[in-house]
Amino acid sequence: MRYKLVKGTKDIFLNDINKWQYIESTSKKILEDFGYSEIRTPIFESTDLFSRSIGVSTDIVEKEMYSFKDKKGRDLTLRPEGTASIVRAYVEHSLVPPVKFYHIGTMYRYEKPQSGRYREFYQIGIEAIGSISPFIDCEVIDLALFLLSKLGLTNLKIRLNSIGCRKCREVYKKILLEYLKKKELCKDCIRRMNLNPFRVLDCKNEQCIRVTSTPPSILNSLCEDCKKHFAEVKEILAEYKISYFEDPRLFRGLDYYTKTTFEIVTDELGAKNSVLGGGRYDYLVEELGGDSTPAIGWAFGVDRLVLALESAKFRFPDESKKLIFIAWTTETAKKQAFKIARRLRTEEFRCEMNYEKSLKAQLKLADRLEAKLTVIVGTHELKEGKVILRNMEDGSQRKIDIEKIELELKQIMC
RNA sequence: GUGAGCGUAGCUCAAUUGGUUAGAGCGCUGGACUGUGGCUCCAGUGGUUGGGGGUUCAAGUCCCCUCGUUCACCCCA
């Protein structure tokens, strides 16, 4: 029996793994500069935690969660997103605001896979808990933009909106329903209208886009407080020349969002053009049992970012050390070669050898592994206490003393 | 969950309207070069044509089912 990848999952290795490593290590460095520290939470949590925070009527909770019972009958779920766990941890450990965390890891959603969408996917995200200042909204958006562009993605656009607080949303919901009732909408939207009228504004159907092109803006329904907050956010963004476009249609699929919401889109992706998304969630901490505490965060999909970078022909840096290959001619030489390889590795050289191939095949392997140098251990040279050092780029080679290998290598490699 | 396209060697793809033993390039192994990679040439290796059923004298090719995959919708990172 041969086994295959489970639908929607993938292996990342060889020519691809450096892309993930590059994004992860670069992100860590930048996020830490912005004052965020890493948090690692479990990959599974109580099912309740997610349905409570994401919202029971959302698609994620209704049909996309990997839920199961453990041997004691506990209802558990593989995390479909990162925020809930982090807020849980924040409340559980009675942390004192302000707290800024970032996380890197896999998320799980039972969706039909397509370009840029997988059932297991990697996310990098941040949460800034404890500040209501519009400055933190801007910091967070600025960071998102800075990080993505630092990672090599250009042509980024910020979609920005405010969906207000509980009060504003109730007011707006009524106004929106009145507006939609008079329109000719697609079947899906008619169904959605009563369930969650905000979704209609997300519809990609041309007819729907046309007839809802001038929806009542939620911005008109914002209460004084939310209005002021949003105005300040925009003011600060403008002051720092962070360009954005306001999009009153931007609603996000998780119920915990309040006030500022945003997405960063790139035209390097197909239909899945949104690479990063986030917003404020001022009620979530309280909802999960903590003191009322405002917070804001975002996350981006690493897999999707890789796709976007690839399509933009970005050259991923390869920071791995140059390889030194150790080749041998005979069994006795092989023992010497093994000894040399051991020695070099303890000196932190990146070193590889093979134990069964002919010398010719060993050289060929060295070539395939893109070795910069090959140390050839031959019986003739061993008699004089020497080995051959072959430069794989130009094919030049010379004999050197066995004791001096490290010295020579250090000179050549750096 | 809905719709469309595609499944042939490790990879990328051929195979006339259904017709003899399913081919090529790349890769891999070896040789030309007895202890030296890349370039060239030569040879070898490689397949339950995704799986199951059906139609037919004959199926990689047509039909049905199923699985996988890709893309789009929904939704989202």
Looking only at heavy atoms, which two atoms of [X] and [Y] are closest? And how far apart?
{"X": "A:F325", "Y": "A:A371", "result": "CB-CB, 3.9 Å"}
{"X": "A:R166", "Y": "A:Y283", "result": "N-OH, 3.2 Å"}
{"X": "A:Q362", "Y": "A:N354", "result": "OE1-O, 4.2 Å"}
{"X": "A:I129", "Y": "A:P97", "result": "O-CB, 4.1 Å"}

Worked check of side-chain hydrogen bond (donor to acceptor under 3.5 Å, both in side chains) between A:S46 and A:D48: CA-CA 5 Å; A:S46 296; A:D48 275 355; over 6 Å; no
Distance check needed: [N] [atom2] versus [X] [atom1], whole Å only.
{"X": "A:K364", "N": "B:U29", "atom1": "NZ", "atom2": "P", "answer": "6 Å"}
{"X": "A:D11", "N": "B:U69", "atom1": "CG", "atom2": "P", "answer": "12 Å"}
{"X": "A:N273", "N": "B:C71", "atom1": "CG", "atom2": "P", "answer": "15 Å"}
{"X": "A:L363", "N": "B:G30", "atom1": "CG", "atom2": "P", "answer": "13 Å"}
{"X": "A:F13", "N": "B:G10", "atom1": "CZ", "atom2": "C1'", "answer": "11 Å"}
{"X": "A:D303", "N": "B:A77", "atom1": "CG", "atom2": "C1'", "answer": "8 Å"}
{"X": "A:L365", "N": "B:G30", "atom1": "CG", "atom2": "C1'", "answer": "16 Å"}
{"X": "A:R119", "N": "B:A77", "atom1": "CZ", "atom2": "C1'", "answer": "16 Å"}

Quantified in whole Å, what is the [atom1] atom distance between nucleotide [N] and nucleotide [M]?
{"N": "B:C62", "M": "B:U17", "atom1": "C1'", "value": "12 Å"}
{"N": "B:G7", "M": "B:G60", "atom1": "C1'", "value": "11 Å"}
{"N": "B:G19", "M": "B:U61", "atom1": "P", "value": "11 Å"}
{"N": "B:G23", "M": "B:U69", "atom1": "C1'", "value": "25 Å"}
{"N": "B:U49", "M": "B:G10", "atom1": "C1'", "value": "16 Å"}
{"N": "B:C71", "M": "B:U12", "atom1": "P", "value": "14 Å"}
{"N": "B:A58", "M": "B:G44", "atom1": "C1'", "value": "33 Å"}
{"N": "B:G35", "M": "B:A15", "atom1": "C1'", "value": "45 Å"}

Between A:Y281 and A:E287, a side-chain donor and acceptor under 3.5 Å: no
Using only modelled atom types and a 3.5 angstrom limit, is any donor from either the side chain of [X] or the base of [N] paired with an acceptor on the other?
{"X": "A:D367", "N": "B:G37", "result": "yes"}
{"X": "A:Q362", "N": "B:U36", "result": "no"}
{"X": "A:R109", "N": "B:C75", "result": "no"}
{"X": "A:R117", "N": "B:C74", "result": "yes"}

Need one value for [X]: base, sugar-phosphate or nothing, where a base atom within 4.0 Å counts as base even if backbone is also close, heavy atoms only.
{"X": "A:I388", "value": "base"}
{"X": "A:Y122", "value": "nothing"}
{"X": "A:K357", "value": "sugar-phosphate"}
{"X": "A:G395", "value": "base"}
{"X": "A:E263", "value": "nothing"}

Among A:R280, A:K259, A:K234, salt bridge (charged side-chain N to carboxylate O under 4.0 Å, His left out) partner for A:D137: A:R280
Is [X] close enough to [N] that one of its side-chain N or O atoms is under 4.0 Å from OP1 or OP2 there?
{"X": "A:K7", "N": "B:U69", "value": "yes"}
{"X": "A:S115", "N": "B:C71", "value": "yes"}
{"X": "A:R368", "N": "B:C28", "value": "yes"}
{"X": "A:K360", "N": "B:G37", "value": "yes"}
{"X": "A:Q114", "N": "B:A72", "value": "yes"}

Of A:E381 and A:E393, the one whose closest RNA chain B nucleotide lies more 5': A:E381
Residue whose nearest RNA chain B nucleotide is more 5′ - A:T58 or A:H380: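 Going by which nucleotide is closer to the 5' end, it is A:H380.
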Near-ring test A:F314/A:F316, centroid separation under 6.0 angstrom: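 For A:F316 and A:F314, the ring centres are under 6.0 Å apart.
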Aromatic stack A:F121/B:A77: centroid gap under 5.5 Å, interplanar angle under 30°: yes
Counting only Watson-Crick pairs (N1-N3 plus N6-O4 or O6-N4) and G-U wobbles (N1-O2, O6-N3), all under 3.5 Å, who is the partner of [N]?
{"N": "B:U55", "value": "none"}
{"N": "B:G68", "value": "B:C6"}
{"N": "B:A14", "value": "none"}
{"N": "B:C39", "value": "none"}
{"N": "B:U48", "value": "none"}
{"N": "B:C73", "value": "B:G1"}

Can you identify which nucleotide, out of [options], has its nearest atom closest to the [X] side chain?
{"X": "A:S358", "options": "B:G35, B:G30, B:C75", "result": "B:G30"}
{"X": "A:Y118", "options": "B:G35, B:A77, B:U36", "result": "B:A77"}
{"X": "A:K112", "options": "B:G3, B:A77, B:G37", "result": "B:G3"}

Ring geometry between A:F34 and A:F146 (parallel below 30°, tilted from 30 to 60°, perpendicular above 60°): tilted
